Participant: 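Below is the structure I would like to discuss, written out as C-alpha cells.
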Amino acid sequence: MRNVNRRTKTLLLIGMICVILLGIAASGLVMNPESYAPDYAAKKLPPSAAHWFGTDYLGRDMFCRTIKGLSTSILLGTLAAGVSAVIALVFGILSATVGGVIDKMISYLVDLFMGIPHLVLLMLISFALGKGLKGVIIGIALTHWPNLTRVIRAEVLQIKNMQYVKAAERFGRTKVQIACEHIIPHVIPQFIVGLILLFPHAILHEAGVTFLGFGLGVDTPAIGIILSEALKHISTGMWWLVFFPGMLLVMVVMLFDKLGDDIKLLIDPMSAQE
Amino acid sequence: MMNMMKYIAGTLFRMLLLLVGVSLVSFILVVSSPIDPVEAYVGSESNISQEQKDVIAEYWGLNDPPVQRYLTWIRNLLHGDMGTSIAFKKPVVQVLEERFITSAALMLTAWVISGVLGFMLGVVAGTFSDSLADRVLKTFCFVMSSTPAFWIGLLLLVVFAVHLGWFPVGFSVPVGKAASEVTIWERIHHLVLPALTLSITGVSNIALHTRQKMMDVMKSEYVLFARARGESRWQIVKRHGLRNIAIPAITLQFASFSELFGGSVLAEQVFSYPGLGNAATIAGLKGDVPMLLGVAMFSVVFVFVGNFIANLLYGLLNPEIREGGRV
C-alpha cells in the first residue's frame, strides 16, 4: 500500500463502506421470511455455527432478524435523511438569501423544533398520525432538518458576502441567477456531507422510538423491537439477544459516520490534497 | 448594568415566544390524532353507550372548535390545571410532580457525573493531545456517540443485574414494599444503573468539546509565551486553560438538557424507572392526551430553563457582552 496515496485510500475506504451498507440493505430486502420464522425445535439457543447470533424464545434466528431489521433501518434512514436534508437546503438558502421576515420565521422554526426534546417530538408526531409505521417514518423524516438548516444558512451568508458575488450583483445578475450559479455549487458539498451525517441520527432515533413501542408491530424485525423483546426476557440470561443486534446497529451507525467524515475530507478543498 | 438588563429581558422575551409556539405545535399534533380520547378513556371492551360517550365528549369540550379548545387549555394551564390523566387516574399536575422528583434524582446525578467526568477527561486529552490517553478517549467518544442510550442500559442490565446480581433489574424502589419503609440506600441502589447509563451517554459530548477547546488554547501564542517564561504544564493548564474553557463547557452542559431528557426517556424505559420519561411513554402508548400534553409542556419548560441559563451565563460571563458589545 506504500505507493497508494491518501486520496486513493480514502476513496477505497468509501467504496468499501458503501458496499457493506448497500449489501446489508439489499440482503434484507431479498431475504426469505422463512429464514427468521419461528422454529420451535431450536428455541433459546446460544450463538453457534448454525445460528451465529443464537435464537430467541420462539426459535427465530437472530442473525437474519438483525440483518432484516438493519436493512429496514438503513432504508428508513435514507428516506428520512433525504427528506430532511432537502428541507434544510431549501430553508437554509431561503433564509440566507431572502432575509428579512422569511429569515426570522425560519430561525424561529429552527428554535422551535430544537426546543422540544427530539424523542418527545417524535412521540407527539407518532401519536398525531395514529401510531403505526407511518408515524415513525414521517416523524423521523420531518424532524432532522434544523441543525443542517443552520449550517447551510451560515454557509450561504458567508458566500453571499464574498467579493465575486458582490461583483456579480453589480453586473446586474438577478438573485435567482446568483443563487444558481454562485451559491448552490458551493453549498452542495456541505449539503452532501450534512445529508450523510443525518443518517446516524435518523437510525438511532428510529431505533429509539420503536424500542419505546411506537410504530412497528411486535413481529416486525426492527432493531428497536428486537431489543425491547430482549428487555422483556432479560432475566432469563439470554445475553446474545441484547449483545449482537445492538453491536451491529452501532457498527452501521459508525460506518455512516466514517463515510460522512471521509467524504468531507475528500470534497473539502482545504483537506482534499492532504 | 442597563445592557445586562436589556440582554436578560431580550432573551426572556424570545424564549417566551418560543414557549407559545411549542405549546401550539404540541396541541395541534395531539388534537389532530385519529385516536379518539373518549375511546381511550372508556377502553374498547366496556359497554358504555354512545349517548354516554357523547356526554363525556361534551363535558371535555371535545366538540368545541380547536381554537377555543386551545385557549381553554392555555387558560387552565396558567391556573395550574392540566386536566386528569387517563392512564394514571390522577390530576396531571400531581403525576408530574411525583414523577419529576424521581426523574430529577436520576437526571441530576447523571448530569453532574457526566459534566465533571467529561470535563476532566477533555482537559487531560486536550493537554496531552495525540498521547495514548487522548487516542483512547477519542475512540471511546466516537463509539459512544454512535451508541443508543438504551443499548448501554441493556448491556449494564445484562452484566450487573442479571449475571452478577449486584443491582436490581428495575424500578426505583424494592417491589412490594411500602413507600414509607424504603430506605435511602435502597433508592440509591436502584438509581445506580440508570444514572450510569445516562452518564456514559452524556460524557462524550462534553469531553470532545473540552478537548477541542483545550487543544486550541495549547496551540495559542499566549501559551507559547507562557512556556517561554518557564511555566510548567500544570501552571499553564491552570492559568490559561481552565479559565478559558470552563465557561463554554458549563454553558454547553446547560444547553444539553434536551438530550438529557431524551436519554432519560429511554433509560427509564429500560429500567422501568417510574420517572417523567416513563410517564411520557405510557401516555403516548395509551392515548392519554392530557398526560401527553402535560409531559410535553414540562419537557419544553425543562429544556427552556436549561437554554435560558446557558444564554444568561454566556452573556453574563462573556466580557464582550458585559461591556455592552453585541454578539
Side-chain angles (χ1 to χ4, degrees), chain A residues 107-109 111-132 135 139 200-201 203-209 211-214 223-224 227-228 230-231 234-243 245-247 249-258 261, chain B residues 14-15 17-19 21-22 24-26 28-35 142-143 145-155 157-159 161-163 169-170 257-266 269-270 272 277 280-281 283-285 287 289 292-293 295-296 299-300 302-304 307:
Chain A
S107 298
Y108 179 78
L109 267 183
D111 290 344
L112 195 72
F113 270 74
M114 292 178 112
I116 313 178
H118 206 135
L119 217 55
V120 175
L121 183 61
L122 288 176
M123 278 191 213
L124 284 174
I125 294 179
S126 159
F127 184 77
L129 294 165
K131 299 179 219 168
H201 287 271
I203 291 177
L204 286 180
H205 280 129
E206 183 259 342
V209 274
F211 176 73
L212 291 176
F214 289 85
I223 296 291
L227 288 176
S228 79
L231 173 62
I234 198 144
S235 22
T236 54
M238 291 191 279
W239 56 272
W240 57 91
L241 295 186
V242 170
F243 182 74
M247 195 67 222
L249 174 69
V250 172
M251 274 165 56
V252 164
V253 171
M254 281 173 67
L255 282 180
F256 269 118
D257 251 337
K258 182 84 185 129
D261 285 344
Chain B
R14 233 172 355 120
M15 297 190 112
L17 214 62
L18 270 185
L19 213 52
V22 168
L24 194 62
V25 170
S26 320
I28 292 172
L29 281 176
V30 169
V31 295
S32 62
S33 171
I35 297 166
F142 177 54
V143 175
S145 60
S146 307
T147 309
F150 60 91
W151 189 56
I152 297 177
L154 283 170
L155 286 183
L157 210 51
V158 166
V159 175
V162 178
H163 280 269
V169 177
F257 274 23
S258 175
E259 286 90 44
L260 185 67
F261 194 91
S264 80
V265 172
L266 292 169
Q269 173 77 7
V270 173
S272 325
T281 312
L285 290 178
V289 172
L292 191 60
L293 273 177
V295 183
S299 71
V300 168
F302 182 72
V303 174
F304 166 90
N307 283 341

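None of the values given here were measured: they were computed from a predicted structure. Proteins come first, then strands; the chains are lettered A, B, ... in the order of their sequence lines, and each starts at number 1.
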Participant: Nearest 0.5 Å, please: how far is CH2 in B:W151 from CG in B:L157?
Facilitator: 13.5 Å

Participant: Flag the one option from A:M247, A:H201, A:M114, A:H118 with the top tally of heavy-atom pairs under 4.5 Å to chain B.
Facilitator: A:M247

Participant: Based on non-hydrogen pairs under 4.5 Å, which of B:V303, B:L29, B:V25 is most in contact with chain A?
Facilitator: B:L29

Participant: Just how far is it from atom CG of A:D111 to atom CZ of B:R14, taken to the nearest 0.5 Å?
Facilitator: 7.0 Å

Participant: Return the CZ to OG1 distance between B:F142 and B:T147, rounded to the nearest 0.5 Å.
Facilitator: 10.0 Å

Participant: Would you call the rings of B:F302 and B:F261 parallel, tilted or perpendicular, where under 30° means parallel and over 60° means perpendicular?
Facilitator: tilted

Participant: Side chain from CB out, backbone as N, CA, C, O: work out which of these in B:V143 comes under 4.5 Å of a heavy atom of chain A, or both, or neither.
Facilitator: both

Participant: Name the option with the most non-hydrogen atom pairs under 4.5 Å to chain B; the candidates are A:A207, A:P200, A:S126.
Facilitator: A:A207

Participant: For A:L227 and A:P245, which heavy atoms make the closest approach, and how far apart are they?
Facilitator: CD2-CB, 4.4 Å

Participant: Which atoms form the tightest heavy-atom contact between B:L17 and A:Y108, and what is the distance?
Facilitator: O-OH, 2.7 Å

Participant: How close do A:G213 and B:L285 get, heavy atom to heavy atom, and via which atoms?
Facilitator: O-CD2, 3.3 Å

Participant: For A:M123, which atoms come within 4.5 Å of any heavy atom of chain B: side chain, backbone, both, or neither?
Facilitator: side chain

Participant: Select one option (side chain, backbone, both, neither) describing which atoms of A:L129 are under 4.5 Å from chain B's heavy atoms.
Facilitator: backbone

Participant: Against chain B, work out which of A:L124, A:L204, A:L212 has the most heavy-atom pairs shorter than 4.5 Å and name it.
Facilitator: A:L212

Participant: Count the heavy-atom pairs under 4.5 Å between each of A:V120, A:L231, A:V209 and chain B, then report the option with the highest count.
Facilitator: A:L231

Participant: Which one wins on heavy-atom pair count under 4.5 Å against chain A: B:I28, B:N307, B:V31, B:V158?
Facilitator: B:V158

Participant: Against chain A, work out which of B:S299, B:G262, B:S26 has the most heavy-atom pairs shorter than 4.5 Å and name it.
Facilitator: B:S299

